[in-house]
Visitor: 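Let me give you the structure first, and then I'll get to my questions.
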Protein chains: 2
Amino acid sequence: MAPLFHPSRDDITLAGVLSALADPLRLRIVKSLMEQKDCMSCTAAAPCPDIPKSTLSNHFRILREAGLIQTTKKGVEHRNAVREADLNARFPKLLKTILASAE
Amino acid sequence: MAPLFHPSRDDITLAGVLSALADPLRLRIVKSLMEQKDCMSCTAAAPCPDIPKSTLSNHFRILREAGLIQTTKKGVEHRNAVREADLNARFPKLLKTILASAE
DNA sequence: TCAATAGTTCACTAGTTCTGAACCATTGAA
DNA sequence: TTCAATGGTTCAGAACTAGTGAACTATTGA
């Protein structure tokens with residue numbers, strides 16, 4: 001199995017970030033992850049329990065490849081965290097402003 | 001010919017705005033429109049001259065239906081302007097922050 | 001060794017985007 | 001009034017993308 005791909009800080013693009021957050025479900029996932037201080041598994045961060053596994057997996061892949069989250073394998077589950085430092089370095093205040101708009 | 005559709009302020013959604021701005025070409029269009037104080041025609045606001053007309057028209061429609069721009073017919077051309085007041089009222093600082101990230 | 005859990009990958013369907021061709025509306029000139 | 005030019009829109013087909021069930025992999029605990 002190939003290791004999970006994460007872009008480096010400099011490879012994070014604005015278009016990628018906006019496009020990833022343009023989906024309401026993904027936005028809620030990121031919001032959940034921000035509200036928790038520690039990492040969350042994919043299923044724990046899911047907004048509702050009835051989302052198919054494959055769909056959820058797909059959304060997490062998009063968030064990961066856009067550089068929004070960092071995913072590490074921890075036993076049987078994947079722990080996810082928002083790449084806040086990278087995002088703030090690259091696009092200051094962007095994440096905060098977008099999340100604030102999502103009330 | 002049907003009049004051009006514009007959503008009311010309250011119908012502007014975050015997902016719609018993000019998704020519209022997630023395209024680099026559309027982001028540049030909005031940027032151009034912000035830098036001009038007066039309205040611009042569609043062709044004038046196009047980032048490069050070799051974009052097919054239908055493609056450009058499509059991008060302007062997406063921006064319009066997302067609530068990002070206001071389009072009015074003025075003779076043979078369409079004058080476009082960013083709906084800054086509506087956007088700031090709905091999502092404070094969002095537009096400014098996104099445009100600032102697009103350097 | 002077996003079953004349960006947490007995700008991924010594959011393949012298929014449904015929907016979206018890009019673009020050339022054809023079209024419509026407005027204006028200015030003959 | 002007729003014609004051509006200008007500025008966009010609409011339509012249709014090709015290429016791409018997203019959502020999801022089924023099958024699969026990896027880890028853990030019994």
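Lettering follows sequence order; numbering is per chain, from 1.
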Visitor: For the pair made of NZ in B/Lys53 and P in D/dA5, what is the distance, rounded to whole Å?
Guide: 13 Å

Visitor: Taking A/Arg83 for the side chain and A/Leu68 for the main chain, is one N or O donor matched with an acceptor at less than 3.5 Å?
Guide: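 Side chain of A/Arg83 to backbone of A/Leu68: no pair is present.
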
Visitor: Sub-3.5 Å donor-acceptor pair from the side chain of B/Arg90 to the main-chain atoms of B/Arg9, do we have one?
Guide: yes

Visitor: Take atom NZ of A/Lys73 and atom P of C/dA6, then tell me their distance rounded to the nearest Å.
Guide: 13 Å

Visitor: Donor-acceptor check, side chain of A/Arg26 to backbone of A/Ala20, threshold 3.5 angstrom: yes or no?
Guide: yes

Visitor: How sharply is the helix from C/dT1-D/dA30 to C/dA30-D/dT1 bent, taking the axes over five pairs at either end and rounding to 10 degrees?
Guide: 10°

Visitor: If you compare all heavy atoms of B/Leu21 against all heavy atoms of A/Leu18, which two are closest, and at what distance to 0.1 Å?
Guide: O-CD1, 3.5 Å

Visitor: Polar atom pairs between nucleotides 10-19 of chain C and protein, under 3.5 Å, N or O only, would you list them?
Guide:
from: C/dT19; atom 1: OP2; to: B/Thr55; atom 2: OG1; distance (Å): 3.0

Visitor: Which whole-number value in Å describes the distance from A/Leu4 CG to D/dT25 P?
Guide: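 Taking atom P of D/dT25 as the reference, CG of A/Leu4 is at 17 Å.
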
Visitor: If I take atom CG in residue A/Asp50 and atom C1' in nucleotide D/dG21, what distance separates them, rounded to the nearest angstrom?
Guide: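 About 15 Å, once rounded to whole Å.
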
Visitor: Looking only at heavy atoms, which two atoms of A/Glu65 and A/Phe5 are closest? And how far apart?
Guide: CG-CD2, 4.1 Å

Visitor: Partners of A/Asp23 by side-chain hydrogen bond (donor to acceptor under 3.5 Å, both in side chains), sequence neighbours excluded?
Guide: none

Visitor: Whole Å only: how far is the CG atom of A/Leu25 from the P atom of D/dA18?
Guide: 14 Å

Visitor: Honestly curious: do B/Leu27 and B/Leu56 fall in one hydrophobic cluster under the side-chain, below-4.5 Å linking rule?
Guide: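 Cluster IDs for B/Leu27 and B/Leu56 match.
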
Visitor: Might you point out which heavy atoms bring A/His59 and A/Ile29 nearest each other, and give the distance in Å?
Guide: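 Residues A/His59 and A/Ile29, closest heavy atoms: CB-CD1, 4.4 Å.
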
Visitor: Quick check on D/dG8: is either OP1 or OP2 less than 4.0 Å from any side-chain nitrogen or oxygen of B/Ser41?
Guide: yes

Visitor: Do the side-chain N or O atoms of B/Ser57 get closer than 4.0 angstrom to the phosphate oxygens (OP1, OP2) of D/dT9?
Guide: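 Yes, because at least one side-chain N or O of B/Ser57 sits under 4.0 Å from OP1 or OP2 of D/dT9.
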
Visitor: Within residues 75-83 of chain B, which residues have any heavy atom lying less than 4.0 Å from an atom of DNA chain C?
Guide: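 Nucleic-acid contacts, sorted: B/Gly75, B/Val76.
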
Visitor: Rounded to whole angstrom units, what separation is found between the CZ atom of A/Phe5 and the P atom of C/dT9?
Guide: 14 Å

Visitor: For A/Glu84, give me all partners under salt bridge (Lys or Arg N to Asp or Glu O under 4.0 Å), at least two apart in sequence or on another chain.
Guide: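 Scan of A/Glu84 (salt bridge (Lys or Arg N to Asp or Glu O under 4.0 Å), adjacent residues dropped) gives none.
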
Visitor: Indicate every side-chain donor-acceptor pair of residues 93-102 of chain B with a distance under 3.5 Å to a residue at least two apart or in another chain.
Guide:
from: B/Thr97; atom 1: OG1; to: B/Lys93; atom 2: O; distance (Å): 2.6
from: B/Ser101; atom 1: OG; to: B/Thr97; atom 2: O; distance (Å): 3.0

Visitor: Return the minimal non-hydrogen interatomic distance between B/Ala45 and B/Ser32, and the atom names on each side.
Guide: O-OG, 4.1 Å

